[in-house]
Amino acid sequence: MHSPSWIKQNIKKKECCFFKESIQYPGLCMCGYPRDLHVDDALRPDEFVGETWDRHKHIREVPTDAYGDIRFSGLRHKMGKYVRVSTDTSTDALYKLMTDHWKLRPPNLLISVVGGTRNFYMRARLKDMFRRGLIKVAKTTGAWILTGGTHDGVMKHVGQAVRDYALTTSTTEDQIVAIGVATWGTLLNRHALVKTKDNSDTPAEYSPDKQKQGRLSSLDANHSHFLLVDDGTNGRHCVEIALRSKLEKLISQQPLGDKGSGLKVPVVCVVLDGGYGTLKMMYNAILNGTPCVILEGSGRLADVIAHVAKLPIAQVTLALIHQLMRKFFSHQYEGFKKGRLIEWTKKIQDILRMPQLLTVFCIDEEGQNDVDVAILRALFKASQSSGSPGQETREQKLKLAVAWNRFDIAKSEIFTEESQWKSSDLHEAMRSALFGHKPDFVKLLLENGVCLRKFLTNDTLLKLYNHLEMGCIFQRRLAKRMKSQKSSMCLSHVSHEVLYYLGGFTEAIYPPTYGQACIEMPKDDMGSVKCASKVPAKNYPGRDLFLWAILQNRKELAEIAWEQCRDSMCAALAASKILKKLAKKEVDEDDEAEKMRELADYYEKKAIGVFSECYSHDVQRAQKLLIRISPSWGGTTCLRLAVEADDKSFVAHDGVQIWYGELAVDNPQWKMLLCMLFPPLIYTGLLTFRRDEDIHRETRRKERTSSVKRDYMEKTDLQPLTCTSRLVSFFSSAQIKFYWNIVSYFVFLWLFAYVLMIDFQTKPSWKEYLLYGWLASLLCEEMRQLFDDPDGFGFRRKSKMYINDLWNIFDVLSILLFLIGLACRLTTVMFYTGKIILCIDFIVFCLRLMAIFTINKTLGPKTIIVKRMMKDLFFFMFLLSIWVVAYGVAKQGILIDNEERLNWIIRGAVYEPYLIIFGNLPTNIDNVAFDTSTCSVNATDPLKPKCPVLNADSTPVFPEWLTIILLCVYLLFSHILLLNLLIAIFNYTFQEVQDNTDRIWKFQRYGMIKEYHSRPTPPPPFIFLSHVYILFKRVVLCKDPQKFKRFKEQLSLSEEEEMLSWEAFMKENHLAKNRRDLRQSMERHIQDTSDKVGVMVEDSVAMVKRLVHLEQQVSQSTKALQWIMDALKSHGYVTKEEAPVLSLRRTITEPDLAVSMREKWTEKTFGEYHVNARCDRYPNSTVDRFPVPEEMVPWEVEFEDYEPPIYNADESEQPSGNPEGRTGMKGKGALDHLGPNQVLDPVLTRWRDDQKSALEFLAVWDKKEGIWTIPGGRVLSGEILPQRLTSILGKKLNEQIKDKLASKAEVKEVFNGYVDDQKNTDNAWLETTAFNIHLDRRDLLMADLNNMAESSQVSEELVKWQEVSSRTLACAYQRELLCKVAELHCRRF
């Protein structure tokens, strides 16, 4: 429903319907409004003629006329929402208005700020701390701030704090909700807020007037929403207090976050300064169970309560409150009446009865420096004392801390050294922290006992994926790939999508759901992604959490989850691969894609860090980590992931450059070259093999191990290489293959050059035939590289990889040119053409020789720079061609007339201007150097250019000055500008690429290393024999291609576990080094210095506090000494010398002595008086009791001002005095008669089960009060059981219970005496007899009671078994009875 129409139907205002002129203020009605502001019916009220004006009768509700948007003048774009509401408006309607129509998010916390409005002053330090703390707690918890809403006192400070925060944030989502609940009748310029026909659709223009007029106030422009409470009167303050208290209570009953958590929105009241209105709001908050934070030092009421907060109620007397109010209210104190002082004392005493709800924040106390911490601690303090068991309270506090995202509070208040947590107790908090993306809490929970293996089950993981952030690219693509949008997500869907990002070379990471069809995945550069038949059965919770965080690009959560991964290096490389693929798909969000690329680089560095740590400790293990098959990441390897992710920095690591095969790394090159020439040297020990190093290392390990381990290692002894194995290992090494191929290629080029220059005959010679055979072996090798697929890429993927390699393009081009040249050379007609093509092909073959430089550490990086410069040169030629063509065409047109020969046109317009750049200056543009013998006049000579247009004397007619100027300008731009520009471009490219050339070179070098690892051992042309052998195995023997084991190794379970443990240990070393480096960084040193300075400042503040405390102790000692001196003098003792003058000497006056005597008397008797019988308002009435402070309760204490109201007096009976003292009300009230009114409370109990897990009692639900009650009631003389019990249970059950009472076998008396009930008065009170009947679960009476309870579900009175616990809602005196019943059965209440 549209907001305006809904507001008119559900929100009301109040107006006076009977104009009665006030005697005190002529011209005004009793409601405070003038005659012209009354409706016409109010001026002619026929039905009210002769009546006296009554606020409750003559003010009625009508639809509201003030609502909508409000714009504050003078503040650009400052808008808010407002509505005028009646004091009787339903709080449910108000909450619905704010959440559904004003679109406010439900709060995680409600902060109600109350305090002074007029002449409010707060110290600068306290003001800053209050503002900073209030905004911090509101920002971190998502709280609503509730204030009075006017530009006065505390509300103004709140508004300024909200304004200052709004200036620092630009997003509307981060704005703080500040709701003002103000009185409509005290607002200045409120007429501007009333809607009329002319402005019903436009925002109300409101002009706040800081210079207040009289007792009216302006709205604060920094609040976002306003509830303007109207009781139909004008100028009456504190009208909003009752509705505000009801609204706070309603919000406190709303669910917090997930409804299943059982948490309600916490509410806290912050009190600064304040007067009577503040006291009423604080009193109502305490009655509602709302914790209050008192800011000591803010003034008046706050300081009064702060000074008595830690005192026992016995010491909070009228005299003490009288003294404190005189001190803190100064001149305002003189206007207080004695009755008001009594009421203040009574309310303050009632507030102090609930110390668990009271927190005093003192800026001068040690450890109290943050208001936000004080606010949250107050809520924890209230929840801790709520009566719930310890574990349940801890879990509730933890839920609140997670909802507020205050891990600092949780760390200091919940996860203390004394607390012991089970993993299962933290699972709900962990789930909430993950759903809310709160990394600090996730880390804190993991540190305090959360076991990921127990927490992250498949169901929990599926819930996490169902709660992916909306708008996340993975979530969008996953939903798009689902065949049916109505089907629920399962882990197999996630697995297929992850396969798409990881690549087709991996297997599924989650098993397919039973009956789940594979999702059709598109083909891309990774090949066709298929459903894997083999999936790991083992769960990897660290991997699952890390993958979930990475797919949402959550860096902080991913960082925490990565630390939980055992296979950390593989996880980091997989994250880099996934993030880079996600960044490519995020075409619409450049910022998000850039963040993904940055995170991908970050995890590449993580992988490098872990691998470097491993490589520095054990080279063999580190390289095994590279090629081990990772079952947790789809059966791939770290090396494969790094290559597929294009992680150049990782591949460029020295440990990844696996170049030597079985040869040891430290073999010099001259030894290897010598063994290539003389293979028998291999057996002399000249070269060291890796097996030799392994045997040496194993021998040293055996020497250090125990006998048990020695026996185990003896079974796994490594055997030395045989002679054949050494020979095969040497020649199958990638480095040796490369050297032989270099030699082979140089021989090939020498043979090619020899044929072209010396032996290119019409009939090919044997040398030329050898060249053809050599090329055939090269062609076969290229075909093998293209079609042989041992890694299972697929032809499409394999062909793309082949084409993407520049050197493969050179190979294909050179072979094609050779074949074309050969075809032409074998014909007589195109013999010479064929030779030309072969000569050009020789150039291509020579350029292909540059690939050899890739291996060289010096020349390899330079090839990268050359490639980049070639690109720059290519684009530079476009720029240069503009000048060349421009000058060439202009010159040709000026000099030559109608040249028709195309070749000479191109020479004159393009070729000659191009040569000018290199210094070949033309002679035909200058008459001095012009020679007619160098050209043909009519272009008759095809070997000479056409002469310029000549005069009769055979001199050129072109303007010599113009051609020379054009040449000069052309030389200026081409020589000086463009060539220097090219040099600058090359220099920039060199500087830019130089830092990364080593990384790029090593990445490309790895590709060549892998190529030579998989290449057959013989060099061309002998490689042809290997090709024949491979073809024979594939075609004749039908054997599958064998995957190259050098880059992929399957470890056994024991080896896998050992390798992962070692990697985890190395990862911890790497993280420890990073943390140490961070501590040693300059920024960290600055931060540490700042922290030390802060500690020193705090110590100095603490020292000042100690001095102040010492000064107070000295003052107290002075007073004590003065009292001793005065006492001795009063007994006649005389001193020989004059007594020293004490600084604080004063005489104890007689009133002070009376006060001290009263305090001594009350200390012995306080705490034994009724409390509920002195409640503020008599129940179910509008009559307020007379306030009775604690010290005035006994009848023996004289109370001259005691004038209680009389409620429902009975003249026929003589009043008697309440045995427990004054109640503030006379008459019989709601009771049946004066004097004691007898009540019988039968407590029927049972055990919940045979294990006696809980004690339960039979309870009746009171709809009116919303509590559970004992099925008892008042009894008349002669009655055994109350009539109410009979009406509830029925006659049959009632008789059975009477029999139980008569037998007295299972009946125990719980209590007999006075009941502290709210219905008690000075003349009438309740007395009860409570007894407990415990029933056996197998008893027939028990069965009848259970049937009756089940049948009551549809009756008017609900009867149910409830646990005897403090959590059960019950009235005050019945809670005490239940507590005694629990003690009888040795149960904790």
Side-chain angles (χ1 to χ4, degrees), residues 439 443 446 452 502 506 509 540-547 549-550 554-580 598-658 665 999 1002-1003 1006 1047-1049 1051 1055-1080:
K443 185 175 182 180
L446 287 172
L452 272 185
L502 275 178
T506 60
I509 61 174
Y540 302 94
R543 175 208 64 184
D544 296 337
L545 185 60
F546 176 66
L547 183 61
I550 281 295
R554 294 287 180 179
K555 182 177 180 180
E556 294 82 4
L557 279 176
E559 174 79 12
I560 297 169
W562 180 76
E563 294 181 4
Q564 303 298 317
C565 294
R566 296 192 68 194
D567 198 355
S568 56
M569 190 165 66
C570 203
L573 294 170
S576 177
K577 175 71 172 70
I578 292 172
L579 288 166
K580 288 181 179 179
E598 290 177 358
L599 190 57
D601 295 338
Y602 175 78
Y603 278 102
E604 182 184 359
K605 293 177 182 177
K606 284 282 187 184
I608 294 172
V610 175
F611 182 71
S612 299
E613 188 70 23
C614 296
Y615 189 73
S616 63
H617 283 78
D618 194 327
V619 176
Q620 298 282 346
R621 280 186 170 185
Q623 291 187 344
K624 186 174 286 188
L625 272 177
L626 286 177
I627 60 176
R628 58 167 277 275
I629 294 175
S630 173
S632 60
W633 289 98
T636 186
T637 65
C638 293
L639 193 55
R640 182 69 180 276
L641 281 171
V643 174
E644 297 293 340
D646 197 29
D647 290 336
K648 294 182 175 62
S649 297
F650 183 86
V651 178
H653 194 281
D654 292 337
V656 183
Q657 304 289 309
I658 306 172
V665 178
R999 178 173 59 91
K1002 285 186 176 180
F1003 183 78
Y1006 166 78
F1047 295 94
K1048 201 168 188 179
E1049 182 177 355
L1051 302 182
E1055 287 178 322
E1056 177 78 10
E1057 186 65 25
E1058 181 184 357
M1059 191 64 67
L1060 288 177
S1061 299
W1062 181 70
E1063 182 188 5
F1065 180 71
M1066 292 296 104
K1067 179 187 69 176
E1068 293 301 325
N1069 287 348
H1070 167 66
L1071 294 176
K1073 287 181 179 179
N1074 285 348
R1075 288 191 287 267
R1076 184 172 63 250
D1077 293 341
L1078 179 62
R1079 288 194 297 268
Q1080 294 175 354

- request: Could you walk me through whether I578 and L547 pass the side chain to side chain contact (heavy atoms under 4.5 Å, CB included) test, one step at a time?
  value: CA-CA 9 Å; I578 292 172; L547 183 61; 3.6 Å; yes
[X] [atom1] to [Y] [atom2] distance, which is reported to the nearest 0.5 Å:
{"X": "E1056", "Y": "S632", "atom1": "CD", "atom2": "OG", "answer": "7.5 Å"}
{"X": "L573", "Y": "L502", "atom1": "CG", "atom2": "CG", "answer": "11.0 Å"}
{"X": "K606", "Y": "K1067", "atom1": "NZ", "atom2": "NZ", "answer": "9.5 Å"}
{"X": "C565", "Y": "D544", "atom1": "SG", "atom2": "CG", "answer": "9.0 Å"}
{"X": "L579", "Y": "L599", "atom1": "CG", "atom2": "CG", "answer": "5.0 Å"}
{"X": "E644", "Y": "T637", "atom1": "CD", "atom2": "OG1", "answer": "9.5 Å"}

[X] side chain near [Y] side chain, heavy-atom distance below 4.5 Å:
{"X": "W633", "Y": "C638", "answer": "no"}
{"X": "D647", "Y": "K580", "answer": "yes"}
{"X": "H653", "Y": "S612", "answer": "yes"}
{"X": "L641", "Y": "M569", "answer": "no"}

- line: From the list E559, E556, K555, side-chain contact (heavy atoms from CB on, under 4.5 Å) with P439 holds only for E556
Taking all atoms of both residues into account, what is the closest heavy-atom pair of [X] and [Y], and its distance?
{"X": "R566", "Y": "E1063", "answer": "O-OE1, 3.6 Å"}
{"X": "W562", "Y": "A571", "answer": "CD1-CB, 4.1 Å"}
{"X": "A558", "Y": "I550", "answer": "CB-CD1, 3.8 Å"}

- prompt: Does R628 pair with D567 as a salt bridge, N-O distance under 4.0 Å?
  reply: yes
query: Looking at residues at least two apart in the chain, or sitting in another chain, which of them share a side-chain contact (heavy atoms from CB on, under 4.5 Å) with Q564?
result: L446, L452
message: R543 vs F546, test: side chain to side chain contact (heavy atoms under 4.5 Å, CB included). Steps then yes/no.
response: CA-CA 5 Å; R543 175 208 64 184; F546 176 66; 5.7 Å; no
task: Please work out which of the three classes, parallel, tilted or perpendicular, describes the rings of F611 and F650, given edges at 30° and 60°.
output: tilted
task: Take E1058 and R621 through the salt bridge (Lys or Arg N to Asp or Glu O under 4.0 Å) test and state the conclusion after the steps.
output: CA-CA 10 Å; E1058 181 184 357; R621 280 186 170 185; 2.8 Å; yes
Stepwise salt bridge (Lys or Arg N to Asp or Glu O under 4.0 Å) check, E613 with K1073: CA-CA 10 Å; E613 188 70 23; K1073 287 181 179 179; 3.0 Å; yes
